K.L.:
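I'd like to ask some things about the structure below.
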There are 2 protein chains.
Amino acid sequence: MLPQFNSAFSIDCVIFGFDAGELKILLIERNEEPFKDWWALPGNIVGENESLDQSASRILHELTGLGDIYMEQYYTFGDVARHPQGRVLSVAYYALIRLGGDKALKPISNYAKQAYWVNIKELPRLAFDHQQIFDKGLEKIKRRIKHQPIAFELLPEKFTLTQLQNIYELISDKKLDKRNFRKKMLSFGVLKDLDEKQKGVSFRAATLYRFDKRKYAKLFGKEISF
Amino acid sequence: MLPQFNSAFSIDCVIFGFDAGELKILLIERNEEPFKDWWALPGNIVGENESLDQSASRILHELTGLGDIYMEQYYTFGDVARHPQGRVLSVAYYALIRLGGDKALKPISNYAKQAYWVNIKELPRLAFDHQQIFDKGLEKIKRRIKHQPIAFELLPEKFTLTQLQNIYELISDKKLDKRNFRKKMLSFGVLKDLDEKQKGVSFRAATLYRFDKRKYAKLFGKEISF
DNA sequence: CGACTTAGTGTAAAAACGACGTAAATGTAA
DNA sequence: TTACATTTACGTCGTTTTTACACTAAGTCG
């Protein structure tokens, strides 16, 4: 083996979820050195026979029991001293997942004591360069939400326009006009009106919509600005 | 050293240049195994004490003698079998450089026999997964040119609006209306009219402009659509 | 049935975009 | 020196898109 083969690489994931009107990410409490007992992004060393994407999916699955999630590589962090035990590159992924109260997260694997959803505005001090990794991830989805339909990934399959608007306001950090928002969203023709109303709310129930992937696929190539 | 420390990583660069009305990238002819004598993107193993960005700058400098170049990491390629000698991640960067006939490229370092500028529409078969790396890089700048002022990096400091329009047409692969293009470009207020004319052309000389980084910096945060 | 809460809707003014044609400047060749 | 070829430079108007803005309808709760 050549002398250059002396490095390792890992995946770290910024997993966004939307819950109780707040944007949260998944953090673990580390159970191993280095940074034992610190909060950290879920991440792990990539296996010998895993591609990066496969590894990211595996890690997400181990942590949450979830599969089939929109997930994307966005940057690779490689400062010389970012890991105390040697040269370790970290390839960062973000994921957006539906946080239904019903689907509890499955027990997580050994490398963490516990995992929690934490509001992105109240993050604790993080291990390694994970704060930097998070910052870049947030920046990324802020930009991406304009041109790709990632907001839908955070919502349950059936959602109201108000819920959708909340997500946009949370991520972009500004207030939007309700009428203009609805007009624009509906004008893309990618929302399917389900002829069905919200239930269990103590006020007028809103119409439920579903994101229509087929219709979205037909727009491919056109630049959209949600 | 832990058993996971058995991998290596490299940088590969997609270096765009604009010359004689064509968009080109820099390719090398490899002088070493594997893929000896093949065409490849310029790239190299990252040094032990180099960050990724430093390494990318070094490689670019070794190849072209150029420094202070707009360069950006855009994706990391990590398929298990992408390198025949072991697990080697490749972090891809793109750069856009001014290709003046005057500044010849400095002699390149040992890992290549020779380097050439090749029209992106006439690429030869490339080593490793370099075709894939190139494709993704091209896609990236196609999207990025809309929202960031990267087109200017390809031009000499003083340029005409027609030259600028050529770049936009080449990268986006469509014809633009001259009047509308000028109107829009000038409306951003980031071009400084130099009160100076093109020289050495056999027809009416055009006004020269310079990209004004200061004014552009003031627009920060606003979403621009060039 | 009154009070409260959220859903749902339209219009007008401003801004941005897209299509389009002609005259002025300059070098070149006859 | 003149005619020609080439390229710069410029403005308008109709269309589309974006923005700002306020009230009524529906449903729940007491």
Side-chain angles (χ1 to χ4, degrees), chain A residues 18 20-22 145-147 151 155-156 158-170 172-211 219 221-226, chain B residues 18 20-21 145-147 149 151 155-156 158-170 172-211 219 221-226:
Chain A
F18 175 64
E22 296 178 342
I145 198 178
K146 289 253 174 103
H147 304 286
L155 289 169
K158 303 174 178 186
F159 54 83
T160 70
L161 286 174
T162 301
Q163 289 171 330
L164 186 61
Q165 184 175 348
N166 283 342
I167 303 252
Y168 274 88
E169 291 182 341
L170 262 176
S172 71
D173 240 332
K174 52 188 141 187
K175 270 272 181 231
L176 301 173
D177 178 83
K178 188 163 45 150
R179 276 165 300 188
N180 292 339
F181 180 80
R182 284 161 179 253
K183 212 186 318 176
K184 190 164 182 181
M185 270 300 157
L186 293 173
S187 76
F188 296 121
V190 298
L191 296 185
K192 181 170 174 135
D193 182 334
L194 294 174
D195 277 328
E196 201 178 330
K197 299 281 171 186
Q198 216 176 6
K199 275 177 197 149
V201 287
S202 65
F203 42 79
R204 177 175 177 184
T207 302
L208 292 170
Y209 291 84
R210 168 186 295 149
F211 176 65
L219 296 178
K222 307 209 171 116
E223 180 142 346
I224 287 194
S225 261
F226 286 112
Chain B
F18 176 64
I145 197 178
K146 289 251 174 104
H147 304 287
L155 289 170
K158 302 174 178 186
F159 53 84
T160 69
L161 286 174
T162 301
Q163 289 171 330
L164 185 61
Q165 184 175 348
N166 283 341
I167 302 252
Y168 274 87
E169 291 181 343
L170 261 176
S172 71
D173 240 332
K174 51 188 143 190
K175 270 268 178 235
L176 301 172
D177 179 83
K178 189 161 45 151
R179 279 162 301 185
N180 293 338
F181 180 81
R182 284 161 179 255
K183 210 187 320 177
K184 190 164 183 181
M185 270 300 156
L186 293 173
S187 76
F188 295 121
V190 297
L191 296 185
K192 182 173 173 131
D193 181 334
L194 295 173
D195 278 327
E196 203 177 328
K197 299 280 171 187
Q198 214 176 7
K199 276 177 197 151
V201 286
S202 67
F203 42 79
R204 177 173 176 184
T207 303
L208 292 170
Y209 291 84
R210 168 185 295 150
F211 176 67
L219 296 179
K222 306 207 171 119
E223 179 141 346
I224 287 194
S225 261
F226 287 111

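Order of the sequence lines fixes the chain letters, A, B, ..., with proteins taken first and strands second; residue numbering starts at 1 for each chain. For the numbers below, each heavy atom of this structure counts, side chains included, while hydrogens, waters and symmetry mates do not. Bear in mind the structure is a predicted one, so any value in this text is a computation, not a measurement.
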K.L.:
Quick one: bend of the helix from dC1(C)-dG30(D) to dA30(C)-dT1(D) from 5 pairs per end, to 10°?
P.N.:
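Roughly 10°, once rounded to the nearest ten degrees.
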K.L.:
Can you tell which of dA9(D), dC29(D), dT9(C) lies closest to the side chain of Ser202(A)?
P.N.:
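So the nucleotide nearest the side chain must be dC29(D).
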K.L.:
Answer yes if the ring centres of Tyr209(A) and Phe159(A) are under 6.0 angstrom apart, and no otherwise.
P.N.:
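They do not qualify: ring centres at least 6.0 Å apart.
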K.L.:
Whole angstroms only, please: what is the CD-P distance between Gln163(A) and dG8(C)?
P.N.:
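Rounded to the whole Å, the gap is 11 Å.
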K.L.:
Flag yes if more than 12 heavy atoms outside Lys197(B) fall under 6.0 Å of its NZ atom; otherwise flag no.
P.N.:
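More than 12 heavy atoms, drawn from other residues, nucleotides or ligands, come within 6.0 Å of this atom.
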K.L.:
Could you check how far NZ of Lys199(B) sits from P of dG27(C), rounded to whole Å?
P.N.:
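Atom NZ in Lys199(B) sits about 12 Å away from atom P in dG27(C).
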K.L.:
Could you grab the distance from atom CZ of Arg182(A) to atom CG of Leu176(A), nearest 0.5 Å is fine?
P.N.:
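Arg182(A) atom CZ to Leu176(A) atom CG measures 12.5 Å (nearest 0.5 Å).
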K.L.:
Could you state the CG-C1' distance from Asp193(B) to dA9(D), rounded to the nearest angstrom?
P.N.:
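After rounding, the gap between these two atoms is 12 Å.
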K.L.:
Between Thr207(A) and dA7(C), does any side-chain N or O lie under 4.0 Å from OP1 or OP2?
P.N.:
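Checking dA7(C) against Thr207(A), no side-chain N or O comes under 4.0 Å of OP1 or OP2.
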K.L.:
Which label fits Phe188(A) and Phe226(A): parallel for a plane angle under 30°, tilted from 30 to 60°, or perpendicular past 60°?
P.N.:
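The rings of Phe188(A) and Phe226(A) stand perpendicular, inter-plane angle above 60°.
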K.L.:
Mind calculating the distance between CD (Gln198(B)) and C1' (dA9(D)) to the nearest angstrom?
P.N.:
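Atom-to-atom, Gln198(B) to dA9(D), this comes out as 13 Å.
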K.L.:
Measure CZ/Phe188(A) against C1'/dT17(D) and give the value in whole Å, please.
P.N.:
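For the pair Phe188(A) CZ and dT17(D) C1', the rounded distance is 11 Å.
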K.L.:
Within the structure provided, determine whether Phe211(B) and Leu155(B) are in side-chain contact (heavy-atom separation under 4.5 Å).
P.N.:
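Side-chain contact under 4.5 Å: no.
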K.L.:
Salt-bridge test for Glu196(A) and Lys158(A): reply yes if a basic N is under 4.0 Å from a carboxylate O, no otherwise.
P.N.:
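Yes, this pair counts.
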K.L.:
Write down the distance between CZ (Arg182(A)) and P (dA7(C)), rounded to a whole number of angstrom.
P.N.:
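Spelled out: CZ on Arg182(A) to P on dA7(C) is 7 Å.
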K.L.:
Restricting both atoms to N or O, compile the protein contacts to nucleotides 13-19 of chain C shorter than 3.5 Å, with distance only.
P.N.:
unit_1	atom_1	unit_2	atom_2	d
dG18(C)	O6	Lys183(B)	NZ	3.2
dA19(C)	N7	Asn180(B)	ND2	3.0
dA19(C)	N6	Asn180(B)	OD1	3.2
dA19(C)	N6	Lys183(B)	NZ	3.4

K.L.:
May I have the distance from Phe203(B) (atom CZ) to dT7(D) (atom C1'), rounded to whole angstrom?
P.N.:
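Taking CZ of Phe203(B) and C1' of dT7(D), I get 6 Å after rounding.
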K.L.:
Using only side-chain N and O atoms of Lys178(A), determine if any of them is under 4.0 Å from OP1 or OP2 of dG10(C).
P.N.:
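Checking dG10(C) against Lys178(A), no side-chain N or O comes under 4.0 Å of OP1 or OP2.
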K.L.:
Confirm from the modelled atom types if Arg204(A) and dA26(D) form a donor-acceptor pair under 3.5 Å, side chain to base only.
P.N.:
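Counting by modelled atom types and ignoring angles, no donor-acceptor contact under 3.5 Å is found here.
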K.L.:
Return the CG to CG distance between Leu161(B) and Leu186(B), rounded to the nearest 0.5 Å.
P.N.:
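One gets 5.5 Å once the value is rounded to the nearest 0.5 Å.
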